[in-house]
*Asks:* 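Quick one: structure below, then a few questions.
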Amino acid sequence: MAVKQVDEAELLAQVGRCMFGERVVIEREGKRFSARIQHVGATGVKVVPETTLMEHEGEPGDLNGVTVSYGDIREVEVDGITYRLA
């Protein structure tokens with residue numbers, strides 16, 4: 001998998017292309033975690049942390065994600081390329 005170092009504008013452009021299930025790395029309150037996108041909205045992105053997905057035993061559609069700011073996103077994987085904030 002290729003990794004591209006990008007500026008914030010390019011990272012946000014790639015996040016805007018995302019569909020359900022694509023992987024992002026979030027940094028909040030000094031902690032980083034990987035998550036899967038549930039929904040890309042106008043003011044933020046609704047994600048489900050991957051640890052929640054691994055521990056989940058219910059139906060796939062019954063998970064409630066958390067909304068994070070676009071500024072919290074540090075990297076995103078789109079079409080086999082990882083776009084990482086430089």
Side-chain angles (χ1 to χ4, degrees):
M1 180 173 294
V3 176
K4 290 179 77 175
Q5 299 288 330
V6 296
D7 63 14
E8 188 174 359
E10 177 65 18
L11 182 69
L12 296 180
Q14 294 304 324
V15 171
R17 293 182 50 213
C18 286
M19 306 279 286
F20 174 82
E22 303 217 331
R23 183 181 169 276
V24 292
V25 173
I26 308 294
E27 185 174 318
R28 290 178 90 178
E29 300 170 2
K31 297 180 182 175
R32 283 186 178 224
F33 64 93
S34 60
R36 296 293 174 159
I37 291 180
Q38 224 176 11
H39 174 75
V40 176
T43 59
V45 180
K46 192 170 187 180
V47 299
V48 177
E50 288 188 326
T51 54
T52 302
L53 289 170
M54 291 178 170
E55 297 168 359
H56 183 67
E57 295 179 4
E59 294 296 316
D62 67 357
L63 283 171
N64 284 324
V66 295
T67 301
V68 297
S69 161
Y70 284 104
D72 293 338
I73 298 172
R74 296 295 172 251
E75 70 181 53
V76 62
E77 290 179 12
V78 180
D79 296 330
I81 300 172
T82 298
Y83 296 89
R84 186 171 292 153
L85 190 59

*Asks:* Working note: V40 + M19, criterion side-chain contact (heavy atoms from CB on, under 4.5 Å); need CA distance, chi angles, decisive distance, verdict.
*Replies:* CA-CA 8 Å; V40 176; M19 306 279 286; over 6 Å; no

*Asks:* Can you find a heavy atom in the side chain of L85 that is under 4.5 Å from one in the side chain of E8?
*Replies:*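 Yes; the side chains approach each other to less than 4.5 Å.
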
*Asks:* Same hydrophobic cluster for V6 and V3, using side-chain heavy-atom links shorter than 4.5 Å among ILVMFWY?
*Replies:*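 No; tracing contacts between hydrophobic side chains, which count when under 4.5 Å, never links both residues.
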
*Asks:* Is there a path from I73 to V48 through hydrophobic residues (I, L, V, M, F, W, Y) whose side chains come within less than 4.5 Å of each other?
*Replies:*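 Unlinked, I73 and V48 end up in two clusters.
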
*Asks:* May I ask you to test the S34-V24 pair for a side-chain heavy-atom distance under 4.5 Å?
*Replies:*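 S34 does not reach V24 side chain to side chain.
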
*Asks:* Report yes if the side chains of K46 and T67 come closer than 4.5 Å at any heavy-atom pair, otherwise no.
*Replies:*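 Of all side-chain heavy-atom pairs linking T67 with K46, at least one is under 4.5 Å.
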
*Asks:* Does R23 reach the side chain of V25, with side-chain heavy atoms less than 4.5 Å apart?
*Replies:*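 R23 vs V25: side chains touch.
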
*Asks:* Does the pair V45 and I37 meet the rule for a side-chain contact (heavy atoms from CB on, under 4.5 Å), with working shown?
*Replies:* CA-CA 7 Å; V45 180; I37 291 180; 4.0 Å; yes

*Asks:* Side chains of T82 and E75 only: does a donor on one sit below 3.5 Å from an acceptor on the other?
*Replies:*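 No, no side-chain donor-acceptor contact under 3.5 Å.
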
*Asks:* Whether the side chain of Q38 engages the backbone of G65 through a donor-acceptor N/O pair (distance < 3.5 Å, no angle test) should be reported.
*Replies:*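 Yes, Q38 side chain to G65 backbone: donor-acceptor pair under 3.5 Å.
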
*Asks:* Tell me, do Y70 and V15 make a side-chain contact under 4.5 Å, heavy atoms counted?
*Replies:*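 SC-SC contact between Y70 and V15 confirmed.
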
*Asks:* Let me confirm one number: the CG-CZ distance from D72 to R32, rounded to the nearest 0.5 Å.
*Replies:*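 Here the interatomic distance stands at 11.0 Å.
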
*Asks:* If you take all heavy atoms of P49 and A35, which pair is closest and at what distance?
*Replies:*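 Residues P49 and A35, closest heavy atoms: CA-CB, 3.8 Å.
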
*Asks:* Got a salt bridge between E50 and R36, using NZ or NE/NH1/NH2 to carboxylate O under 4.0 Å?
*Replies:*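 Salt bridge present between E50 and R36.
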
*Asks:* Quick check for you: to the nearest 0.5 Å, what is the distance between Q14 atom CD and E22 atom CD?
*Replies:*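 One finds 9.5 Å between CD of Q14 and CD of E22.
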
*Asks:* Less than 4.5 Å apart, any side-chain heavy atom of Y83 and any of V78?
*Replies:*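 Yes, close enough: below the 4.5 Å cut-off.
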
*Asks:* Search all heavy atoms of G71 against all heavy atoms of R74 and return the closest pair with its distance.
*Replies:*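 Looking at all heavy atoms of both residues, the closest pair is O-NH1, 2.8 Å.
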
